[in-house]
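Okay, so here's the structure we're looking at.
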Amino acid sequence: METPVYPAHNYLTNGHGLKSWLLTKDHKRIAILYLISISAFFFLGGLFAVGIRLELTTPQGDLFQPDTYNKFFTLHGVIMVFFFLIPSVPAVLGNFLIPPMIGAKDLAFPRINLLSWYIYVVGGIFTLFAIVAGGVDTGWTFYTPYSAASSSTNVVPTALGVFISGFSSILTGLNFIVTIHRMRAPGLHWFKLPLFVWAHYATSLIQVLGTPVVAITIVMVFAERAFGFGIFDPQRGGDPVLFQHLFWFYSHPAVYIMILPALGVISEIVSTFSRKRIFGYSFVAFSSLAIAVFGFIVWAHHMFVAGITVYAAMVFSFLSFSVAIPSAVKVFNWSATLHRGSLSFEAPMLYVYGFFGLFLIGGLTGLFLATLGTDIHLHDTYFVVAHFHYIMVGGAIMGYLGGVHFWWPKMIGRMYSEFWSRISAILVFVGFNLTFFPQFVLGYMGMPRRYHMYPDEFQVLNVLSSGGAAVLGLGYLLPVIYLLYSLKYGEVAGNNPWGASGLEWRTQSPPLTENFLEVPTDIPEAYEYTPKVVREAKLV
Amino acid sequence: MSNGYAHAEGAPSMHGHDHAHHPALQHHFSTMSQQREAGVLGMWVFLLTEVLFFGGLFITYTLYRMWYYEAFALASKSIEIVPGLINTVVLIGSSLTMALSVRSAQTNQRKATVNWLIATIILGSVFLGIKVYEYALKFEHHHVPGATFDFFGHAEASGEGHEAPAEGVTMGRDQIQRTTQIFFSLYFVMTGLHALHMIVGIVILFIIAWMAHKGRFDSEYHAPVEMTGLYWHFVDIVWIFLFPLLYLVERH
Amino acid sequence: MSSGHSGVHVSPLSTYLSIFAALMVLSAITVGAAFVNLGAFNPIVALAIAGVKATLVILFFMHVKYSSRLTKLTVVLSLFFVAILFAETLMDYATRGWLNYTPMGQ
């Protein structure tokens, strides 16, 4: 095998200096800008999580004032949801990979792509301002009437930050939809597309359909706070439950904005490392669309005890179960893909194995919460906290990290330390379970979320959880070190280190600004791992 | 492998059209029609988000109209119908001039394109002018939600409000105060956001008119005019719904 | 499709003028109908006319009648999701009275 050479001409060397980055229209550079900024927000959000876990190691609530604690969990939620999870996979991996995956030179609207990063940054600045100005304590959900009428903290700048960053999300989704429709290479029809692209298409639909509803809701809360308009405040005749309807109309599907692209990542990695075509390709493809649509009809399962009628609750409960179907289709098809595949255990695949376990637990506990009677017991307890962390951290972040490890050699052209990457994948999995599994038990035993004190008998489980969080934090810090190290000292990766079949692996690593010297015209079916292809890629 | 950096201009076109590139063709598109179709689809997807954006307002309106129908009827009757009707005519007229501008661009009539765009700008500005007049009236009548809100303020000041609430109204005075305020909150949010969309539209129209004047568009490349048109028509459609919902509740 | 003119449909002037006339007539009918007591049908008539007007604008001014299936699908998709928002939110509020709930403000 010839030794790979680091290509002199690539998107990283095409232009130098800060200006060439801040004014770039190259989707790959914009992806890197996103990677840097969302990582910063991830560690900022993580800092607040550290505060929460430190406070909860003792039952007395002796570290922070109650108000400070409220601000900590609010900011942890706001930052992680709106400034890390929602942009994570789409804005970084989707941005970088969709054009090369479909044989395009760029996204359909490169300038709008850059604009959406700037909008994200402006939204982030508003939120950072809210933090510096003293924080906000409404919870990431901004429930009225507290947020609109009572809270004396910085609701307006935070809500504006979320509102503004929402437009970044809308524009990214819009760009992807148009790109996937209009920019595919000749002959690359829909059923040859990687499932990563299908997942992003479904995600983009949610972004453009759901985000505007939360935007208008925030506008109304803003009008209520700033001008004294009465829309959600019961004292002025408004209905706070309506706020929750509108909020969850977006925020439930938003969970799928976080998880769907991660599911797309999983499909790519599973196929590559089991050397097999994804079992039931079209089912997996359509299950993404089904999740997107079903995601929009189940929102009020967040509101079973908020005062909606039992009749509406029954319908929402029933519909909520329907989301389990396409999710299960995916898991079963991945399992069938793994079955008799020639499996390997590189870091990306370790993240995927971890993902399976966590997503399964997260998904199944979701069914508990969709069940009306059970939810009344579990609502607003740590059971809910554990459930959505299993989906959003266990699912989405495992997928994101798996994807970053999988495509890092494509993005940067260099390999990271194999040893340390495996260690970090294992640490994340162990630390995650140690952090959040005890919370299922705590919630089941009745510990409510969002309190900084708790009865003494909950301490053992809380200490376990905090200890796990330390392991988890280490697992998240390690990649920063070895990935940064690999930038300069990593081995040159070559164009296709994993022997993957996707179109993006056919260009050089890191790719040219135009992605391809010449757009490939002989595009095979997705996930071609016939013996011939495998042999030629020197995989065996 | 060769790692020479390829400039797009030199790369062969994907679709094999051999004719010279249109100056407006961006490097990452292969043909003008691909570029145009991408732009138009992008505009439609944007309008899709706009529909959902206003959809959130309309469901809020619907709920409170169900709950507080009497207040909505009372409050709606306090709004002058004539400026609203004039604005309806003006805005639909501006939609016509916009459509004609797009048509002129399609048929390569540069002068007509510019003129129709200017007509659209004028009509849009007339709409906003009338809106300003209407808002001023609301301020005068204390019909702006907030600390100074007083639904009966205007009627009492003009000495005709003593027997209010009107016949058939079952709500008490405080109740009317509270619930008409919700109507006016929605009135201002809805018409305010609509007006904001119009202001943005007018700014875009100015830019497009300038580009048209400079001869940037022809029958092959006029997607910006077309997309501005789509946006403008959408804003018109929002008003088509706002007018009966805000001005015409129980006028009989 | 001829790439010279991007295959765009150019509507005759008369189409635009007659659609404009129809919109004007419908606006007049909306106002007129509002002053007639139709009971529960007042809002229904008003919204139906608004719907017809919007449809005319979408089909002819926005050229959806001559556009690709994808454009038509986009329009339908937006209405479909607004319908979900309305139907499921109202599903809650419409059943509020069934268990002797008293909605606020009544």
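Each chain gets a letter, A, B and so on, in the order its sequence line appears, and its residues count up from 1.
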Checklist outcome for this item: Highest number of heavy-atom pairs under 4.5 Å with chain C among B/Ile59, B/Val51, B/Ile81 belongs to B/Ile59

Item to check | Region of B/Leu63 in contact with chain C, defined by heavy-atom distances below 4.5 Å | outcome: side chain

Item to check | Lys/Arg-Asp/Glu bridge criterion (N-O < 4.0 Å) met for B/Asp174, B/Arg178 | outcome: no

Item to check | Which portion of B/Leu85 sits near chain C, non-hydrogen atoms under 4.5 angstrom | outcome: side chain

Checklist entry - What's the spacing between B/Ile204 CD1 and B/Ile121 CD1 if we round to 0.5 Å? => result 11.0 Å

Checklist entry - Between C/Asn37 and chain B, which part of the residue has a heavy atom less than 4.5 Å away: side chain, backbone, both or neither? => result both

Checklist entry - More than 12 foreign heavy atoms under 6.0 Å from NZ of C/Lys65: is that the case here? => result no

Next on the checklist: Test your reading of the model: is there a side-chain donor-acceptor pair from C/His63 to the backbone of C/Leu59, 3.5 Å cut-off?
Outcome noted: no

Item to check | Option in B/Thr88, B/Asp236, B/Val102, B/Leu52 with maximal non-hydrogen atom pairs under 4.5 Å from chain C | outcome: B/Leu52

Checklist entry - So does B/Arg36 pair up with B/Glu226, basic N to acidic O under 4.0 Å? => result yes

Item to check | Which of B/Ile237, B/Leu100, B/Leu96, B/Thr62 touches chain C most, by non-hydrogen pairs under 4.5 Å | outcome: B/Leu96

Checklist entry - Quick one: OG1 on B/Thr113 to NZ on B/Lys111, what's the gap to the nearest 0.5 Å? => result 10.5 Å

Item to check | B/Phe243/B/Tyr247 under ring pair (Phe, Tyr, Trp, His ring centres under 6.0 Å): CA gap, chis, key distance, verdict | outcome: CA-CA 6 Å; B/Phe243 176 61; B/Tyr247 290 75; 5.3 Å; yes

Checklist outcome for this item: So, the part of B/Thr107 with a heavy atom under 4.5 Å from chain C: the answer is side chain

Checklist entry - Where does B/Leu48 contact chain C at under 4.5 Å (heavy atoms): side chain, backbone, both or neither? => result both

Next on the checklist: Between B/Phe54 and chain C, with a heavy-atom cut-off of 4.5 Å, which part of the residue counts as in contact: side chain, backbone, both or neither?
Outcome noted: neither

Checklist entry - Most heavy-atom pairs under 4.5 angstrom with chain C, which of B/Gly84, B/Ala99, B/Gly56? => result B/Ala99

Item to check | Top of B/Ala223, B/Gly93, B/Gly229 for chain C proximity - count of heavy-atom pairs under 4.5 angstrom | outcome: B/Gly93

Checklist outcome for this item: Cut-off 4.5 Å, heavy atoms of chain B, and the answer for C/Met24 is side chain

Checklist entry - Do B/Trp232 and B/Thr120 pass the side-chain hydrogen bond (donor to acceptor under 3.5 Å, both in side chains) test, and can you show the C-alpha distance, the side-chain angles, and the key distance before you say yes or no? => result CA-CA 9 Å; B/Trp232 194 259; B/Thr120 312; 5.7 Å; no

Checklist entry - Counting heavy-atom pairs under 4.5 Å to chain C, which of B/Val40, B/Val249, B/Leu248 comes out on top? => result B/Leu248

Next on the checklist: Report which part of C/Thr30 has an atom under 4.5 Å of a heavy atom belonging to chain B: side chain, backbone, both, or neither.
Outcome noted: both

